[in-house]
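All remarks here apply to the structure that follows.
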2 protein chains.
Amino acid sequence: MTIKVLLVDDERLIRAGLAAIINAEDDLAVVGEASDGAEVPGAVSRLRPDVILMDVRMPRLDGIQATRRILDTVPEPPRIIVVTTFENDEYVYDALKAGANGFLLKRTRPEEILQAVRMVAHGDTLLFPAAIRALAASHGPAGDAPGSAPWHGRLTEREADVLRLVAKGHSNAEIAQELFVSPQTVKTHVGNVLGKLQARDRTQAVILAYETGFITPG
Amino acid sequence: MTIKVLLVDDERLIRAGLAAIINAEDDLAVVGEASDGAEVPGAVSRLRPDVILMDVRMPRLDGIQATRRILDTVPEPPRIIVVTTFENDEYVYDALKAGANGFLLKRTRPEEILQAVRMVAHGDTLLFPAAIRALAASHGPAGDAPGSAPWHGRLTEREADVLRLVAKGHSNAEIAQELFVSPQTVKTHVGNVLGKLQARDRTQAVILAYETGFITPG
DNA sequence: CGGCCCCTCCCCCTCGCGGGGGAGGGGCGC
DNA sequence: GCGCCCCTCCCCCGCGAGGGGGAGGGGCCG
């Protein structure tokens, strides 16, 4: 019994990427795509997917509203995994409250995406540790969760210092001078920051810093 | 909180023109004028401007020396934008080396001047002296005005496409796939973008994209 | 027509970045 | 005392990023 997946994302390339990953698996199949939340109810009743991978941020009807609508109207609704580019995305939190079964970051490794789809299809609620900690750290009532969280609230002071300077466009060498430490130390801190933010490089770290409000434009 | 601007130029008409442009803005205000670099330190301590627009070429104490003097003597010195008539003005580079935060050509369009003032007032990551010098050195005298603000309006469509994807955290290879061109082409575009934005690397380009409103968080 | 810009793609090269290890000292809580 | 985290610094290594060139085709415009 193959798991039927519906992709909902306004970016065609994202859909294409997910489809490629999913269709390469024997037990998974993409049965349809939608570029807008408004198309989802129709697609669901027509295609009867088991799992929906849905972007939170879309024009017209966003992922949260689409999730609510499906869960409210469809009997035996499919599992919904909310997909987002950035962790600590308010919309993700809202989507989970609306009844989504889990969420994924777009930069998540393919294997993990596949695993996530299978898990929710089998009835498991999916929440990756990193994602849970990110949410707990950012939205929890100041409670320090067991284990450190991969978000800037859980960055050490030094790491936050480094991230701020990275987000000013400074190189590792420049940061080293500014903090009066060796470039090696800066590299260590930057590496830790990237790991905690699940960013691939400093550019993505800067984007996250802006998107999460760690820093603000002007 | 309005941004307080001090004008320093030996030509009264230039000062008047700048004042007219700046005072027309709600968030900007000219708090004083000086016709000579020698008057600047006193004006700074008296008026506490956020930004100084300073001509490089002035009788008695020129803009470079005035810049040095302020940065050496004033605690929490204001941001200094060096103003010049000529592109590739040697004095400009000296001023930047002396610690000025950016420079403008007098013929720059008013909107760009305003934007530049706001940008430097916001933080120290806006104009990158090293990159400016590199640009001027490579582009040569026939190049387009190096003093003009880093304007995405000047980017070609393709370059803007590339910048948008860079600002999503994508690598050159990923962008190449997304735009169906070769990685080499992407490198060319990215290089052009960096040059036009006066950014040293893609990280700085992303910062500028956020700070100028080319892209917005959320 | 001849320039000029834009887009495309190629070569070379250097170097900073990030990943993989590890190591030592200081502070804090158990 | 011991463990744990943080900060500091070191090694090696591969790779992508940028800078320096150049080149060809298409479109637009004087």
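Proteins come first, then strands; the chains are lettered A, B, ... in the order of their sequence lines, and each starts at number 1. Fair warning: this is a prediction, and the values are worked out from it, not measured in the lab.
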(message) In this structure, how many angstroms lie between the C1' atom of dT8(D) and the CD atom of Glu159(A), rounded?
(response) 13 Å
(request) Could you pull out all residues at least two apart from Thr2(A) that satisfy side chain to side chain contact (heavy atoms under 4.5 Å, CB included)? (result) none
(message) If you go through the side-chain atoms of Thr156(B), does one of them form a donor-acceptor pair with the base of dC7(C) closer than 3.5 Å?
(response) no
(request) Take the C1' atoms of the five end pairs on each side of the helix from dC1(C)-dG30(D) to dC30(C)-dG1(D), get both axes, and report the angle to 10 degrees. (result) 40°
(message) Assess the residue pair Glu159(A) and Arg164(A) against the criterion (salt bridge (Lys or Arg N to Asp or Glu O under 4.0 Å)); give the C-alpha distance rounded to whole Å, side-chain angles, the decisive distance to 0.1 Å, and a yes or no.
(response) CA-CA 9 Å; Glu159(A) 286 161 357; Arg164(A) 268 184 285 272; over 6 Å; no
Please tabulate the protein-to-nucleotide N/O contacts below 3.5 Å involving nucleotides 23-30 of chain D, giving atom names and distances.
none

(request) Measure from CD on Glu174(A) to C1' on dG16(C) and round the result to the nearest Å. (result) 12 Å
Output one line per pair: protein atom, nucleotide atom from nucleotides 17-19 of chain C, and distance, for all N/O pairs under 3.5 Å.
residue, atom, partner, partner atom, Å
dC17(C), OP1, Asn172(A), N, 3.3
dC17(C), OP2, Asn172(A), ND2, 3.2
dG18(C), OP1, Arg202(A), N, 2.4
dG18(C), OP2, Arg202(A), NH1, 2.8
dG18(C), N7, Lys187(A), NZ, 2.9
dG18(C), O6, Lys187(A), NZ, 2.6

(message) I need the NZ-P distance between Lys196(B) and dC5(C), as an integer number of Å.
(response) 10 Å
(message) Taking 4.0 Å as the cut-off, does a side-chain nitrogen or oxygen of Thr185(A) come that near to OP1 or OP2 on dC7(D)?
(response) no
(request) List the steps and the verdict of side-chain contact (heavy atoms from CB on, under 4.5 Å) for Asn172(A) and Val190(A). (result) CA-CA 8 Å; Asn172(A) 289 341; Val190(A) 170; 3.6 Å; yes
(request) Tell me what Ser182(B) touches on the nucleic acid: a base, only sugar-phosphate, or nothing, going by heavy atoms under 4.0 Å. (result) sugar-phosphate
(request) Answer yes or no: is there a side-chain heavy-atom contact under 4.5 Å between Asp10(B) and Asp55(B)? (result) yes
(request) Would you check, one step at a time, whether the test side-chain contact (heavy atoms from CB on, under 4.5 Å) holds for Ile81(B) with Val51(B)? (result) CA-CA 7 Å; Ile81(B) 299 177; Val51(B) 177; 4.1 Å; yes
(message) With a 4.5 Å cut-off on side-chain heavy atoms, are Pro78(A) and Asp50(A) touching?
(response) no
(message) Just to verify, what does Glu25(B) make a side-chain hydrogen bond (donor to acceptor under 3.5 Å, both in side chains) with, not counting sequence neighbours?
(response) Arg118(B)
(message) Can you list everything that forms a side chain to side chain contact (heavy atoms under 4.5 Å, CB included) with Thr188(A)? Sequence neighbours excluded, please.
(response) Asn192(A)
(message) Does any part of the side chain of Val206(A), heavy atoms only, come nearer than 4.5 Å to the side chain of Ile207(B), both counted from C-beta?
(response) yes
(request) Determine whether Pro49(B) and Arg79(B) make a side-chain contact, defined as any pair of heavy atoms from C-beta on separated by less than 4.5 Å. (result) no
(request) Rounded off to whole Å, could you give me the CD-to-P distance for the Gln184(A) and dC12(D) pair? (result) 11 Å
(request) Write down the distance between CG (Leu179(A)) and P (dT8(D)), rounded to a whole number of angstrom. (result) 8 Å
(request) Report the distance from atom CD1 of Ile175(B) to atom C1' of dC7(C), rounded to the nearest whole Å. (result) 16 Å
(request) Write down the distance between CG (Asn192(B)) and C1' (dT8(C)), rounded to a whole number of angstrom. (result) 12 Å
(message) Rounded to whole Å, how long is the line connecting atom NE2 of His189(A) with atom P of dC10(D)?
(response) 13 Å
(request) Would you check if Val40(A) and Ile52(A) make a side-chain contact, meaning some heavy-atom pair closer than 4.5 Å? (result) yes
